[in-house]
There are 2 protein chains.
Amino acid sequence: MTALEPLKPTDSGALPRYREIYDALRQKIVSGAWPAGHKLPSEHELARTFGCARMTISKALGALAEQRLITRRRRAGTTVSAPRPQESVLEIHDIEAELVAAGSTYDYECLDRQVRPANADDASALGVTAGTPVLSLIGLHRADGRPHAFEERLINLRAVPEARRERFSRTSPGRWLLQRIPWTDAEHQICALNADAAIARRLEIPRHKACLSIERNTWLDEQRITHVRLIYPCDQHRLIARFRHQRA
Amino acid sequence: MTALEPLKPTDSGALPRYREIYDALRQKIVSGAWPAGHKLPSEHELARTFGCARMTISKALGALAEQRLITRRRRAGTTVSAPRPQESVLEIHDIEAELVAAGSTYDYECLDRQVRPANADDASALGVTAGTPVLSLIGLHRADGRPHAFEERLINLRAVPEARRERFSRTSPGRWLLQRIPWTDAEHQICALNADAAIARRLEIPRHKACLSIERNTWLDEQRITHVRLIYPCDQHRLIARFRHQRA
DNA sequence: AAGTGGTCTAGACCACAAA
DNA sequence: TTGTGGTCTAGACCACTTG
């Protein structure tokens, strides 16, 4: 199969035309028949080849471009991209939803709650100017009664003033925020660390045991909403990320 | 701003029409003016409101749907989605590229190389049937001469027969594969662990020090290509993931 | 200057699901 | 049954970029 199928008999089956075209072109690429750098026919030519309107071709190419399988440039045409660097969609689920889905019980306990003007550490973690009112929360997530994750959180009260009225004694602030506050940007940092004395005590694990630390910053447009650091014992959490070139 | 702008004077500026419409609708959603569950006007009505063709509206809505900000269903119409669960694009860069970008020198050393029929462990890790020929590689990545990551890898020789001829004595198999083999699916598992004796020795760190473990499986369509496990000392690696609702 | 992709139109028909 | 989104057409003009 070195030439494009000139015409496909209209599958009375199912797939829309642009999707068939997408699949046909994608096959050329992932099979290696069209290696990186290969120049594709122009949209006009593909439209003639496949016997459809140019917009239909454009939709198929748009999908391939979104998958980074091809690069499209005016005048220069469309070429097969170099294999993309490892990149994956990481889903970091809501802790409660995750545990409930796994059939565990869940509860949250507040260990400390303070409203204060941001000190230097707060300001740097949350990315606000010192003195901005913040809500500092320290809490523990439990699964089936056993410690599951330790949470340190800062909430920008300038962005989320209504959080000042919440006690968060049994309500996980993460869930509360997620349900109320739209967010536009999130950033995660993931690393490993050895449990220090405080963390070991809270999570009821030996000192120095490896833990997974997930830090998350969220924004609503330019405004910082919250900073959170979650610490999981190594054997209680595992991030799973999947990526498919092919569209759903 | 509770009503939609009925018409925008054609910005002689820059943005395409569908993008302006996308932005306008997105603003309604992230600002909270249209909460989750809110029903959007129909495409025909939006086309009238914005004074454009329905396909232009459809393109804007398609982009919003891809961001999961809205849900579109035939007959039922288009509604604002619930805030999405935490989900982020995780970029796991090629180790060498990452180090070079950071201004470090990089080298790879092969510690062990075997071609063998898959044993039970290989078969389970790589997801092939026992007896399938596999290439097993154990190696060390170094940055500025110091151990940076420990790698254990299995390559399915049925999928990548040409790997059998490679020595991989100084060439990182990850990079070699990435440059040659197209892949369609990848799965990552990330967790923390305490260094055991073997890892501590290889990475020249104390035993029990926390490490980040990244396991990756890759597929070409249904066929398994490789399984790799990378172990980084906690202070030498940090995954960073960003997510934006807004399109680039 | 000319060819390419990027966008847009004003229609059309269809499939689906809710009423 | 009917309104909705999903797809498609056969054109069109424009912006960009390369030759």
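Residue numbers begin at 1 in each chain, while the letters A, B, ... track the order of the sequences. No experiment lies behind these values; they were computed from the predicted model shown.
- Proximity of A:Tyr18 to the phosphate of D:dC8: no side-chain N or O atom is located under 4.0 Å from OP1 or OP2.
- Between the CD atom of A:Glu43 and the P atom of D:dC8 there is a distance of 15 Å, given to the nearest Å.
- The side chain of A:Arg75 sits closest to D:dC16 out of D:dC16, C:dC16, C:dT7.
- Looking at heavy-atom distances under 4.0 Å, A:Ser58 makes contact with a base.
- Put simply, CE on A:Met55 is 16 Å from P on D:dG11, counting in whole angstrom units.
- A close approach under 4.0 Å does not occur between any side-chain nitrogen or oxygen of B:Thr56 and OP1 or OP2 of C:dT7.
- Between A:Leu40 atom CG and C:dG5 atom C1' the separation is 13 Å, expressed in whole Å.
- Salt bridge A:Arg72/A:Glu43: present, at least one basic N to carboxylate O contact under 4.0 Å.
- For B:Arg74 and C:dA15, a side-chain-to-base donor-acceptor distance below 3.5 Å is present, hydrogens and geometry of angles not being considered.
- Donor-acceptor pairing under 3.5 Å, judged by distance alone, is present between the side chain of A:Arg54 and the base of C:dG6.
- Side-chain atoms of A:Leu15 and A:Asp23, non-hydrogen and from C-beta on, do get closer than 4.5 Å to each other.
- Atom-to-atom, CG of A:Leu61 to P of C:dT4 comes out at 13 Å; the value is rounded to the nearest Å.
- The distance between atom CD1 of B:Ile57 and atom P of D:dC8, rounded to the nearest whole Å, is 20 Å.
- Between the NZ atom of A:Lys39 and the C1' atom of D:dG19 there is a distance of 12 Å, given to the nearest Å.
- Of the candidates D:dT18, D:dG5, D:dT9, D:dG5 carries the atom nearest the B:Thr78 side chain, counting heavy atoms from C-beta on.
- A:Tyr22 has its OH atom 14 Å from the P atom of D:dT7, to the nearest Å.
- By the 30° and 60° cut-offs, the orientation of the rings of A:Phe168 relative to A:Trp176 is perpendicular.
- In this structure the side chain of A:Tyr22 reaches within 4.5 angstrom of the side chain of A:Gln67, judged on heavy atoms.
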Check your understanding: So A:Thr79 and A:Thr71, side chain to side chain donor-acceptor pair (under 3.5 Å) or not? Walk me through it.
Key -> CA-CA 5 Å; A:Thr79 54; A:Thr71 306; 4.6 Å; no
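- What separates CZ of B:Arg19 from C1' of D:dA15 is a distance of 18 Å, to the nearest Å.
- Under 4.0 angstrom from either OP1 or OP2 of D:dC8 there lies no side-chain N or O belonging to A:Lys59.
- Within 4.0 Å of A:Arg73, counting heavy atoms only, lie sugar-phosphate atoms of the nucleic acid but no base atom.
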